[in-house]
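Basis for what follows: all heavy atoms, side chains included, without hydrogens, waters or symmetry-related copies. Numbered from 1 within each chain, the chains take letters A, B, ... in sequence-line order. This one's a predicted model, so the numbers in the text were calculated from it and none came from an experiment.
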Amino acid sequence: MLNLKEIRKDVDFFKKKLSLRFVNNSDSLIEELLNNDEKLRKCLEEQQELQNRRNSISKDLSIEKDRSVENFKKLSKEVSDIKSEISLLENNILKFQEIINNILFSLPNIPADDVPVSKDDTGNKEVRNSGSVKIFDFKPLSHEVLARQLDLIDFETAVNISGSRFVILKKDLAKLERALINFMIDVHTSENGYSEYNVPILVNEKSMFGTGQLPKFKEEQFQTNNNLWLIPTSEVSLTNMVADKIVKYEDLPLRFVACTPCFRLEAGAAGKDTQGIMRQHQFSKVELVSIIQPEFRIKELDRLLNCAEKILNLLKLPYRVMLLSSGDMGFSAEKTYDLEVWIPSQNKYREISSCSSCSTFQSNRMKARYKTIDNKNELLATLNGSGLAIGRTIIAILENYQNKNGSITIPDVLQKYMSKKLIDNI
RNA sequence: GGAGAGGUGGCUGAGCGGUUGAAAGCACUGGUCUUGAAAACCAGCAGUGGGGCAACUCACUCGUGGGUUCAAAUCCCACCCUCUCCGCCA
């Protein structure tokens, strides 16, 4: 969340920046925020003064109790009057605090300076392009058709045991998923400097709040009846590893990688991507998280992006890098690059990774801090990016590596993980 | 599931109604000593928020939330979490 103190210091800056994110009534929300903040502080001042008096009388009482019964009674009466005044103020304080929180929790991060301004994805900018896409001398089939032909996928049974937007991968396709996970994590740990973690995929409400999924995006999340939440991305677990901590300066940066199943309700996506495994309630994703001093965050974002890109390059999949516009970015992000992979059957690029800097937006919610060189506690910057989404990588491989006879060539770098070079009918 | 124990500052750990926001140790920072370092010694060192240009000052915080009391880390209640033993089990 945004830092209230900073908003106080430069209201116009925040109004301007928030307007770039097309938040409804952002100007009046900020006004309301500051208005209540001022009232809150006034009450706080009064309350603290009363508390001060209460405390000092209390101290006197500890002396008077052995001296004068009369004085003791008089002071006791005084202190109980003060107490009722305090509790009156406290009600107001809670009221103002709630208004402030409601606004503060709902405001998105402000965009970085070089983020293109646009209401939606039409304003996204292509940063670079990996080169030409493959030209087929036959009509490329969709991953769904290919996988069905090879008897490597079963939607019907998955629907029967779970419902729509679930899938069962079979045999070589199940193995391909496992191979991709191992391949990606191996690259990130041995070449990209990330440490591997195996993290919980059920998390508490505090963690979901910390990374920004709650309270605003409750309807997109799966919740258990024990007050736990299924993570929509391992960013939640990984980033929250520094929640409530004060990290030593010399321990930074922290770089984490994990692969977990991710769960998304896809409530707002009815009718979208209903064919194949493009949009599932459950999918695996390799996630990269960097925790770093805020001043290095943009450099770290470029690094993170490169780490994710490396996977696509190694798999020799055609892709492009998009810089997302202010209106298309996620709630917690200040700047986001999407990696989009070429999908032959759709004749377009589709998102396969999203790399974001969240500046101090999440750390402010999580109370994730570090000790500066001069021994001060400051908020950390958090970054995350997919490296990559496994389901969509499977789609990309099936479609881009398909042969005329319906077989699938296995990318060079995966052959040792698959112990074969070709997936075919036999 | 049954029976116990416990949650205190970056860490370890004392305190169990009244200058205790908290002893002691470790870690850390500064200083003395030293050619330099180590050791030793001296000093400093929790967080959040309010007020103030600042020095500083005030409030709140000893798992969380309530309660008792003039006064709570300390007593009571609820909840959360951790640990040990037994049972069950991947």
Engineer: Would you tabulate the side-chain donor-acceptor contacts of residues 194-202 of chain A under 3.5 Å, counting partners in other chains and residues two or more places apart, or write 'none'?
Structural biologist:
unit_1	atom_1	unit_2	atom_2	d
A:Y194	OH	A:S290	OG	3.2

Engineer: Quick test of your reading: applying ring pair (Phe, Tyr, Trp, His ring centres under 6.0 Å), list the pairs with at least one residue in residues 1-34 of chain A, sequence neighbours left out, ordered by first then second residue.
Structural biologist: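 The answer is none; no pair qualifies.
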Engineer: RNA chain B in dot-bracket, Watson-Crick or G-U pairs under 3.5 Å, [ ] crossing, | other strand?
Structural biologist: ((((((((.[[[..)..(.....]]].(((((.......))))).((((((....)))))).[[[[[..)....]]]]])))))))....
Engineer: Residues two or more places apart in sequence or in another chain: which of them pass salt bridge (Lys or Arg N to Asp or Glu O under 4.0 Å) with A:R148?
Structural biologist: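 With sequence neighbours excluded, A:R148 shows a salt bridge (Lys or Arg N to Asp or Glu O under 4.0 Å) to A:E144, A:E156, given in chain and number order.
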Engineer: According to the ring pair (Phe, Tyr, Trp, His ring centres under 6.0 Å) rule, which pairs have a member within residues 288-313 of chain A, sequence neighbours left out?
Structural biologist: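 Found none.
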Engineer: Considering residues at least two apart in sequence or located in another chain, which fulfil the salt bridge (Lys or Arg N to Asp or Glu O under 4.0 Å) criterion with A:K299?
Structural biologist: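 Expected list: none.
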Engineer: Would you please name every residue forming a ring-ring contact (aromatic ring centres under 6.0 Å, His included) with A:Y249, sequence neighbours left out?
Structural biologist: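 Partners of A:Y249 by the ring-ring contact (aromatic ring centres under 6.0 Å, His included) criterion come out as none, since no residue qualifies.
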Engineer: Where along nucleotides 52-62 of chain B does protein come under 4.0 Å, by heavy atom, of base (B) or sugar-phosphate alone (S), with - for untouched nucleotides?
Structural biologist: ------BSS--
Engineer: Suppose we screen for salt bridge (Lys or Arg N to Asp or Glu O under 4.0 Å). Which residues come up paired with A:E235, at least two apart in sequence or across chains?
Structural biologist: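 Testing A:E235 for salt bridge (Lys or Arg N to Asp or Glu O under 4.0 Å), a comparison that skips the adjacent residues, returns none.
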Engineer: All N/O contacts under 3.5 Å from nucleotides 7-9 of chain B to the protein, with atom names and distances to one decimal?
Structural biologist:
none

Engineer: Check ring-ring contact (aromatic ring centres under 6.0 Å, His included) between A:F166 and all other residues, then give those that pass, not counting sequence neighbours.
Structural biologist: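 A:H281.
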Engineer: In terms of side-chain heavy atoms of A:E45, which of B:G50, B:A71, B:G47 is nearest?
Structural biologist: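 The answer is B:G50, which lies nearest to the side chain.
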Engineer: Identify, with sequence neighbours excluded, every residue that meets salt bridge (Lys or Arg N to Asp or Glu O under 4.0 Å) alongside A:K119.
Structural biologist: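 Listed in chain order: nothing, the list is empty.
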